[in-house]
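Structure, as C-alpha cells:
The structure displayed is predicted, hence computed values, not measured ones. All chains are named by letter (A, B, ...) in the order of the sequence lines, taking the proteins before the strands, and each is independently numbered beginning at 1. Reckoned from all heavy atoms, side chains included, excluding hydrogens, waters and symmetry mates.
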Number of protein chains: 2
Amino acid sequence: MSQHSGSDPEVAEERSGPKTERGKRTLRRLLDAAGEEFGTRGYHDTAISNITQGAGVGLGTFYVYFKSKEEVFRALVADMGARTRHAMTESTRGAHDRLEAERLGIQAFIDFVRSHKALYRIVMEAQFVAPEAYRDYYRTFAAAYRQQLAQAASRGEISEGQDDEVRVWALMGASSFLGIRYGIWDAETDSASVAAAASGSHDQQARAAS
Amino acid sequence: MSQHSGSDPEVAEERSGPKTERGKRTLRRLLDAAGEEFGTRGYHDTAISNITQGAGVGLGTFYVYFKSKEEVFRALVADMGARTRHAMTESTRGAHDRLEAERLGIQAFIDFVRSHKALYRIVMEAQFVAPEAYRDYYRTFAAAYRQQLAQAASRGEISEGQDDEVRVWALMGASSFLGIRYGIWDAETDSASVAAAASGSHDQQARAAS
DNA sequence: TTGAAACATGAGTCAACATTCAGGTTCCGA
DNA sequence: TCGGAACCTGAATGTTGACTCATGTTTCAA
C-alpha cells in the first residue's frame, strides 16, 4: 500500500470491461456505491465490504472488477475530472468576455460541488491516497484553463500573459476554496452573489490601488 | 476511529504538560518526530512505533503524553496554524499598501511552505483526519485576513467590502494553490516572481476588461 | 535519605480489514 | 441442449497496528 508510483508495470493488463449486460450493471453499481462510501466516510474508513454491501453484491465480486481498493478510487478521481471539466466548459460557453466567463465559472463550480459533495471530497482526498491522480486532475484542468486564457488574450480581453501558469493556479485555488467554503461548508449562500463578489474583487482592488 | 466530533466530553481533562525537564524534552522529541513522520509518510502510513523510534523512546512512552494518534496530529495542526500566521504577519509588516502586502504575503507563504513542506502537508491532510482542526485553521486565518482588509479599507487603499469573506477565501485559495504548485511540486521557480505575477494579474485583468 | 510522583517500557491483546480461493451459478453461441 | 466463458460468493487467511498494562526507573521535595 502506498508504494505505488504511477508507472507500475503491473497496471497494464486491464480487463477490457464487462462483456455481458449483467456485468455492466454490476460494475456500475460498484462504482456508484464506492463513490457514495468513499465520499461519505472517506477512503480509510471505507471497507470493501461497505462498498459491496452498498452495491448489493458479494464481497468477492469486488475483485472481479477491480484489482485493489486504490484502483476504484483512482477510477473515481479520473471520472470526476472529466465531469468537472465538462460542467465548466458548458457553463462558460455563453460568456461575452473573460471576466464574465470567470464569474460564471466560479458560480458553476460552486454549484457543481454542491450537487456532488461526496464525489468532490474524493478528488480532494486523492491528494493523499493517489497523488498521481490528483496531480493529473489539476494539470489537465490547468491546461484547459490556460488555453481559455490564451484565447481571451488573443481576443484582447485580457493582457497577454507569460505568467498564465501562475494566474491559472491562483484562479483554480480561488475557485477551489470558494467551492469548499460555499459549496460544502455553507451551501446556503447564493452562489451567484459569491461568484459576483469574487470576480468583482479583482478590479475593485486594482481600481482602488491605482 | 473517526467518530470524534470535536465537542467530546472526554477531551476536557488535559494533563497540564510535563512537570520535569526530562518530561519536556521527551514531549518535544515526540512532537518533532511526529511532525517528521506524518509529514513524510502521511497519517495513515505512520505507525506510533515509527514516531517513538524517531524520537528514540519506547512505544509505551507515546501514551504517557498523548491519548491517541489523532491527538498528536491535532496538536501539530494547531501549532502550524500559529506558526504560519506569525510568518505572514511578519512578512507583510513593512508593506506600504494592500497590494504590496498581498504580494509579500503570497511570496512569504510560498517560501514558508517550501521550508516546511512536511508540516504543511499535515495541515492539508487534516481536512480528512481532523476536519475540525482544519476548519479552525482556516477560520482563524480568515478572521485575521479579514481584519487586514478592513484596515486597508479604512485607510482607503481598497474599496469597502461587504464581501470581505468571499474575497478572503478567494485570496487564501490562490495562496494555497500557489503554495502547493510552487512550494511543493516545483520548488525551483523564484517565489518573488510568482508572487509578482499573481498579485499583478489582479489589475492586469481588470484593466483589460474595462 | 526517602518515598511518592513522574516518567519509561515493550510484550501482549484485540479488532479491523484487504485480499485470496475453491467452489458455485448464470449466460449465450453453436 | 450443451459446454465453456463470464460472473458471483463469502468463509478463511494473514497482516497490521492502535492501544493497554504490569512492571520498572528516575526525579525531587521534604
Spacing of [X] atom [atom1] relative to [N] atom [atom2], expressed in whole Å:
{"X": "B:Asn50", "N": "D:dC19", "atom1": "CG", "atom2": "P", "answer": "14 Å"}
{"X": "B:Tyr63", "N": "D:dC19", "atom1": "OH", "atom2": "P", "answer": "4 Å"}
{"X": "A:Ile51", "N": "D:dG10", "atom1": "CD1", "atom2": "P", "answer": "16 Å"}
{"X": "B:Gln53", "N": "C:dT9", "atom1": "CD", "atom2": "C1'", "answer": "13 Å"}
{"X": "B:Glu70", "N": "D:dG17", "atom1": "CD", "atom2": "P", "answer": "17 Å"}
{"X": "A:Phe66", "N": "D:dC7", "atom1": "CZ", "atom2": "P", "answer": "13 Å"}
{"X": "B:Arg28", "N": "C:dC7", "atom1": "CZ", "atom2": "P", "answer": "16 Å"}
{"X": "B:Lys24", "N": "D:dT27", "atom1": "NZ", "atom2": "P", "answer": "15 Å"}

When you measure from the side-chain N and O atoms of A:Thr26 to the phosphate of D:dC7, is any distance below 4.0 Å, counting only OP1 and OP2?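 Negative; the distance criterion is not met.
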Would you mind telling me which residue lines up with the more 5' stretch of DNA chain D, B:Phe62 or A:Tyr65, judged by nearest nucleotide?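 Residue closer to the 5' terminus by nearest nucleotide: A:Tyr65.
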For nucleotides 12-17 of chain C, list the nitrogen or oxygen atoms of the protein found under 3.5 Å from its nitrogen or oxygen atoms, one pair per line.
none

Residue pairs fulfilling salt bridge (Lys or Arg N to Asp or Glu O under 4.0 Å) with at least one residue in residues 168-184 of chain A, sequence neighbours excluded: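 Listed once each, the pairs are A:Arg181-A:Asp186, A:Arg181-B:Glu165.
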If you check the B:Ser68 side chain, which of D:dT9, C:dC7, D:dC19 turns out closest?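 For B:Ser68, the side-chain atoms sit closest to D:dC19.
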Of the options D:dA6, C:dA8, D:dT9, whose atoms approach the side-chain atoms of A:Lys19 most closely?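 When the side chain of A:Lys19 is considered, D:dA6 is the closest of D:dA6, C:dA8, D:dT9.
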Name all pairs fulfilling the side chain to side chain donor-acceptor pair (under 3.5 Å) condition that reach into residues 52-61 of chain B, sequence neighbours left out, sorted by first residue then second.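 Applying side chain to side chain donor-acceptor pair (under 3.5 Å) to every pair that reaches into residues 52-61 of chain B, excluding sequence neighbours, yields nothing.
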Could you check whether A:Gly60 gets within reach of a base, just the sugar-phosphate, or nothing at all, counting any heavy atom under 4.0 Å?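 Result for A:Gly60 = base.
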Which part of the nucleic acid does B:Thr61 contact within heavy-atom distance under 4.0 Å: base, sugar-phosphate only, or nothing?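 Counting heavy atoms under 4.0 Å across all strands, the contact made by B:Thr61 includes a base.
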Non-hydrogen atoms of A:Tyr63 and A:Ser68 that approach each other most closely: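 Heavy-atom minimum between the residues: CE2-CA, 4.4 Å.
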Report yes or no: does [X] contribute a side-chain atom to a donor-acceptor pair with the main-chain N or O of [Y] at less than 3.5 Å?
{"X": "A:Ser175", "Y": "A:Met172", "value": "no"}
{"X": "B:Arg114", "Y": "B:Tyr182", "value": "yes"}
{"X": "B:Asp163", "Y": "B:Val166", "value": "no"}

Here's a test for you: under side chain to side chain contact (heavy atoms under 4.5 Å, CB included), which of A:Lys69, A:Arg121, A:Glu37 qualifies with A:Tyr43?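 Among A:Lys69, A:Arg121, A:Glu37, the one meeting side chain to side chain contact (heavy atoms under 4.5 Å, CB included) with A:Tyr43 is A:Lys69.
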